[in-house]
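Since the structure is predicted, the reported quantities are computational estimates derived from the model, not experimental observations.
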There are 2 protein chains.
Amino acid sequence: MSLPHALLTALIERPGAGSELAGRFDRSIGYFWQATHQQIYRELARLEAAGWIEGRAVDGARGRKRTYRVLPAGRAELARWTAESQEPLPIRDEMMVRLRAEAVVGPTALPDNLAALTRHHRERLKTYEDIEKRDFTPPPTDRAQQLRHLVLKAGIEYERQRAAFCEQAMALLS
Amino acid sequence: MSLPHALLTALIERPGAGSELAGRFDRSIGYFWQATHQQIYRELARLEAAGWIEGRAVDGARGRKRTYRVLPAGRAELARWTAESQEPLPIRDEMMVRLRAEAVVGPTALPDNLAALTRHHRERLKTYEDIEKRDFTPPPTDRAQQLRHLVLKAGIEYERQRAAFCEQAMALLS
DNA sequence: TAGCTCATGTAAGGAGTTACATGATTGA
DNA sequence: TCAATCATGTAACTCCTTACATGAGCTA
């Protein structure tokens, strides 16, 4: 479970409130780790109880807004976890199940499904490529930026491969 | 949730008992959908209660072995689900979180981690390539086999991309 | 002042993981 | 006959999802 560590990373990059973090999980961070606001608030409470982050009420804001910043213990925990052994990603790919099902019960309306998925991946690919153009030309020279660029490039490759796969599957089914 | 439909597909491909299915989920099916034997047995009980599969006790086997076969209602359900709209895969990639964490708290021992992951993906890539050589040369001409080949090729591309990514990340960190 | 939005939170349920348990057959 | 193994299953827990709820400023 990486949500606590994704939050620690996000808060080191820039301190903020739960709602702001939720926004970032809908954009940059969410491209490789998704989380809803319910998860985020619950986890922030745990992180504060553990003494890894510190919250402070924000005056003059709507609701009972609180901003959080990472404490030294939280930074140490993040460093510890980063070096911790990583199991390979467990894979659960519904579309592969559907294709194999199609092979035994087909033909079905699966191609429509694939067309919609293709659009989704093409759009996201475009988003990533725009981000790359905006943030990483020319290619960065400092380590932290190079790492972020690498993560983005992995996303680009992923979407490209995924879109191509959907198109091949459609061609085969039609 | 695709486990019930992965099980229906597997049982149409070849009827069998829970333990046999567990074996297949450690090999072919498990390459795109993982499941433990506990999940499988629980789900088989549900599928039978729903009238989608039918179990029969096996005499002269260890334990209380039961083989299952798919009923017409199960086949209909699988066809229905296959055409159902598919949301894009939710992504949760721990390694990306680790890399972004490294960018703010590094350097750490993350490269060792990446080395082990690289080995894992190279090994799995080799396994897939062997399967392709064994089962899909020459390339099949019937639809069902072509679909299975496509799913395998997606796995090959995935492992290749993943291994390359780990190597790039190691190069950047060292 | 009444609705709207922002920020945070609660509750219920589903799916998956981990550890442990049971019944039956095989084999030394 | 007794341990090992095979086949099935229970229990407890965590994480995630979905739907709903509350409190506080903002705005017409």
Please pick, from [options], the nucleotide with the shortest atom-to-atom distance to any side-chain atom of [X].
X     : options               : result
B:H37 : D:dT8, D:dT18, C:dT8  : D:dT8
B:R92 : C:dG9, D:dT17, C:dG16 : D:dT17
B:R64 : C:dT18, C:dT22, C:dT8 : C:dT22

So what does [X] touch, heavy atoms closer than 4.0 Å: a base, only the sugar-phosphate, or nothing?
X     : answer
A:A17 : sugar-phosphate
B:R66 : sugar-phosphate
A:Q38 : base

In whole angstroms, how far is the [atom2] atom of [N] from the [atom1] atom of [X]?
X     : N      : atom1 : atom2 : value
B:L21 : D:dG9  : CG    : P     : 13 Å
A:R46 : D:dC13 : CZ    : P     : 14 Å
B:E87 : D:dC16 : CD    : P     : 18 Å
B:Q39 : D:dT14 : CD    : C1'   : 14 Å
A:L44 : C:dT10 : CG    : P     : 13 Å

Under the criterion salt bridge (charged side-chain N to carboxylate O under 4.0 Å, His left out), which of A:E54, A:E13, A:E48 is the partner of A:R69?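 Going through A:E54, A:E13, A:E48 one by one, the salt bridge (charged side-chain N to carboxylate O under 4.0 Å, His left out) with A:R69 is satisfied by A:E54 alone.
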